[in-house]
Enquirer: 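Got a structure for you, written out below as C-alpha cells; questions coming shortly.
Below, all heavy atoms of this structure are taken into account, side chains as well, without hydrogens, waters or symmetry copies. Residues: numbered from 1 along the sequence shown.
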Amino acid sequence: MPSNDARILLQSAVPTAAVGALAAVVSAVVAGADGAIGAVVATLVAILFMGVGLYVLQRTAKTLPHLFQAMGLMLYAAQILLLFIFVAAFKNTTLFNPRAFALTLLAGTLAWIAAQARAHMKSKILYVEPDSTMGDRPEKTGHSS
C-alpha cells in the first residue's frame with residue numbers, strides 16, 4: 001500500500017478507534033460488560049468494513065481509474081447495506097448488548113467517514129503526474145540548425 005493510502009487509512013482508523021473506546025466506556029457504564037463488548041465488536045466491524053472498502057477503492061483507482069467514481073458510490077452503498085445486514089443478524093443476540101452495538105457501529109462509521117474526508121482534504125495528492133524529462137528536451141521545430 002503506497003504511503004499516501006496508508007496515511008489516509010491511519011488518519012481514518014485512529015479517530016474511529018477513539019470513538020469506539022469512548023463508546024465502550026459509555027456502554028460499560030450504561031449497559032455493563034455486555035455493552036462494552038458490543039461497543040468493541042462494533043468498532044472492530046466498522047474499522048474492518050471501512051478499511052477493506054478504502055483498500056478496494058484505492059486499488060480500483062490505480063487499475064481502473066475510469067471506474068473510480070462509480071466504484072466509490074457502489075462501494076459506499078454496499079458497505080451501508082452490509083452494515084445494516086450485520087446489525088439485523090445480531091439484533092437478538094445474547095453475546096453482547098445489541099443497542100450498544102448498533103449505536104457504536106453508527107458512531108464508528110460516521111467517525112470514519114468524517115476522518116476520511118478530512119484526511120483527503122488535507123492530503124496533497126498530485127492529480128497530474130509531473131514529467132521531468134519533457135522540460136529538459138529542447139522543443140522541436142521544423143528548422144534544422
Enquirer: What closest approach, in Å, do Gly35 and Ser27 show between heavy atoms, and which atom pair accounts for it?
Expert: O-CB, 3.2 Å
Enquirer: Are Met50 and Leu54 co-members of a hydrophobic cluster defined by side-chain heavy atoms under 4.5 Å apart?
Expert: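 Linked within one cluster.
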Enquirer: Please check if Leu9 and Ile47 belong to a single hydrophobic cluster, counting links between Ile, Leu, Val, Met, Phe, Trp and Tyr side chain heavy atoms closer than 4.5 Å.
Expert: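 Yes; Ile47 is reachable from Leu9 via cluster members.
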Enquirer: Using distance only, find each side-chain donor-acceptor pair of residues 91-103 under 3.5 Å and give its atom names and separation, not counting sequence neighbours.
Expert:
residue	atom	partner	partner atom	Å
Thr93	OG1	Leu95	N	3.1
Asn97	OD1	Arg99	N	2.9
Asn97	OD1	Ala100	N	3.0

Enquirer: How many angstroms lie between atom OG1 of Thr109 and atom CD1 of Ile113, to the nearest 0.5 angstrom?
Expert: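 If I round to the nearest 0.5 Å, the distance is 6.5 Å.
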Enquirer: For residues 68-89, tabulate all N or O donor-acceptor pairs below 3.5 Å that involve a side-chain atom, not counting sequence neighbours.
Expert:
residue	atom	partner	partner atom	Å
Tyr76	OH	Gln116	OE1	3.1
Gln79	NE2	Phe49	O	3.0

Enquirer: Would you call Leu48 and Leu44 a side-chain contact if the rule is heavy atoms closer than 4.5 Å?
Expert: no
Enquirer: Under 3.5 Å, which donor-acceptor pairs do the side chains of residues 10-21 form with other protein atoms, sequence neighbours left out?
Expert:
residue	atom	partner	partner atom	Å
Ser12	OG	Ile8	O	2.9
Thr16	OG1	Ser12	O	2.8
Thr16	OG1	Trp112	N	3.4

Enquirer: How long is the straight-line distance from CG of Leu67 back to CG of Leu57, given to the nearest 0.5 Å?
Expert: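 CG of Leu67 is found 11.0 Å from CG of Leu57.
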